[in-house]
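Written below as structure tokens is the structure these notes are about.
The first residue of the sequence shown is numbered 1, and numbering continues consecutively from there. Atoms within a ligand are numbered from 1 in the order they appear, just like the ligands themselves.
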Amino acid sequence: MIRFSKVGYILATAGSAIGLGAIWKFPYMTGQNGGMAFVFVFTLAFLLFGISVFIVEIFFGRASRQNAISTFASLAPKNMGFLKFGGWMIFSGVLIFSFYVVVLGWLLHYLFLVIAGGLPKSLEAAEVLWVEFIGGEIPYQLLWHFVIVALCAYILSKGVKKGIERLNFILMPLLLLIFIGLLGYSMFQDSFKQSFEFLFTPDFSKLNAKVIVEAIGQAFFSLSLGVGVILTYSNSIPKEGNFIRYTIIIALLNFIFCLIAGLVVFTFIFGYGAEPSSGPGLVFISLPLIFANMGVSGDIIAFLFFVALIFAGITSAVSMLEPFNAYLMEAFHWSRKKTNFFSIGISYVLGVFALFSNTALMSEALSFFDKNLFGWFDYITSSFMLPLAGVFMCIYMGWILKKDKVYAMSGGYLKGIYFQSWYFTIRFIAPIGIIVAMINLI
Ligand code: TRP
């Protein structure tokens, strides 16, 4: 079990939450789902379901001080041992890791383009570069993917995770600072208004079950919920310290990252007349354009930006496998080395398939229905596995455990009206909201 100090806990959870979810995934999901309607549902889901389930995971982790599977087994009332199967949610972490590191590999490629001075300067060039890279540059993609996986393996096995998280303490504010700068720069572009309207002008005509389900999924993804990451990290949460307050601060910070990323990306997407719904490549097409047109200072900012973003992503990536690893180590008494080798090995292989599914060479063989493997990993985990794990945890805590037991689990940090509202949310609003949205999708 990992032991955290107060600061260590905050750094690890913030490191896990803030990553590509806000900066890569949020803009492209918003673009694909028509803008404002998606942002609206995302905001509600994030603040209401997200923060509530975050607290549920913390309470579970604090109460059991065990891995996710054992947690659900050990807290279950008599004859309800089947509840331990909820712990299978730890596997979504392996699936998410497998495609997440592929995206980190793309970012690494773009970092090298910055260094080599090869960032495109026009929309056409940016699109061609992206399409040719993702569809054809298999050796490069494999190389960068491997480098990222090896880096994650190194971080996990050498126990330098703490060091990386401390580094994040410098790099995350740097990323935020660059983002605020980019936001300021965007505000002076003509297309900023269009971007703002796309994200915030009320227009519920685009609202449908798909938008709602994907927005809820995005909230879970962005807060690292539904895999047991927060649960596992909360195993060793220090007794003192107002972790509810940290949770809210981390969530709000993450939320700010999402909104700024959306505003900046769409300013340039609209400014250059690009397609907002272009999918996972959206950020890879728009960001280079921003930097390339800033001149020399653009190169420096681009360099710092990609470095900071890659680090933010790595601290998220290394968190995803933690629940699975914690289970393997506790249940089978495996060493950390063996465990890492196993979990990283599986996700590396899955990741290679996800990577190939984007290439012209293999996309047909690795596509099923309307999505390729990469798309399916992303879609199934965010939109279904994570929110359903959230529903499971809400029902478990809200209906199966007794209220006074739950109150005791809160350690006195959630009281009075706050406790009552949270309890009502996890008993009714979150599970019903998520299930109803999913049923409507069918
Ligand atoms: N929240 C991270 C991001 O936004 C991704 C992430 C890390 C994650 N750990 C997770 C997502 C566990 C789901 C579950 O980039």
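Looking only at heavy atoms of the protein, atom 14 (C) of ligand 1 is closest to Val227 CG2, 3.2 Å.
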**OP:** Step by step, work out the side-chain hydrogen bond (donor to acceptor under 3.5 Å, both in side chains) result for Tyr9 and Ser234.
**Re:** CA-CA 8 Å; Tyr9 175 77; Ser234 307; 3.2 Å; yes
Subject >> Candidate pair Asp378 and Lys25, rule salt bridge (Lys or Arg N to Asp or Glu O under 4.0 Å), full reasoning >> reply: CA-CA 10 Å; Asp378 186 355; Lys25 198 158 180 238; 3.0 Å; yes
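Residue Val229 approaches ligand 1 through these ligand atoms, each under 4.0 Å from one of its heavy atoms: 12 (C). Close approach of ligand 1 to Met320 (heavy-atom distance below 4.0 Å) involves ligand atoms 5 (C), 6 (C), 7 (C), 9 (N), 10 (C). Close approach to Ser222 involves these atoms of ligand 1, each under 4.0 Å from a residue heavy atom: 1 (N), 4 (O). Close approach of ligand 1 to Gly21 is summarised as follows: ligand atoms under 4.0 Å from at least one heavy atom of the residue are 3 (C), 4 (O), 15 (O). Atoms of ligand 1 found under 4.0 Å from any heavy atom of Leu20 (numbered from 1 in listed order, with element): 15 (O).
Thr315 pairs by the side chain to side chain donor-acceptor pair (under 3.5 Å) definition with Asn168, not counting sequence neighbours.
For Trp106 and Phe374, the gap between ring centers is short of 6.0 Å. Ring centroid separation for the pair Tyr396 and Phe60 comes in under the 6.0 Å cut-off.
Taking each of Tyr100, Phe257, Phe221 in turn, the one with a heavy atom nearest to atom 15 (O) of ligand 1 proves to be Tyr100. Between atom 8 (C) of ligand 1 and the options Ser382, Ser224, Gly228, Ser316, the minimum heavy-atom separation is to Ser224.
With hydrogens and angles left out, the side-chain atoms of Asn325 and Ser343 include a donor and acceptor closer than 3.5 Å.
Counting heavy atoms closer than 4.0 Å to ligand 1, residue Thr381 contributes nothing at all. In Ala17, the part holding a heavy atom less than 4.0 Å from any atom of ligand 1 is the backbone. Proximity of Asn254 to ligand 1, defined as any heavy-atom pair under 4.0 Å, is not found for any part of the residue.
By the 4.5 Å heavy-atom criterion applied to side chains, Thr232 and Asn67 are not counted as neighbours.
Proximity of Ser16 to ligand 1 is established by a heavy-atom distance of less than 4.0 Å.
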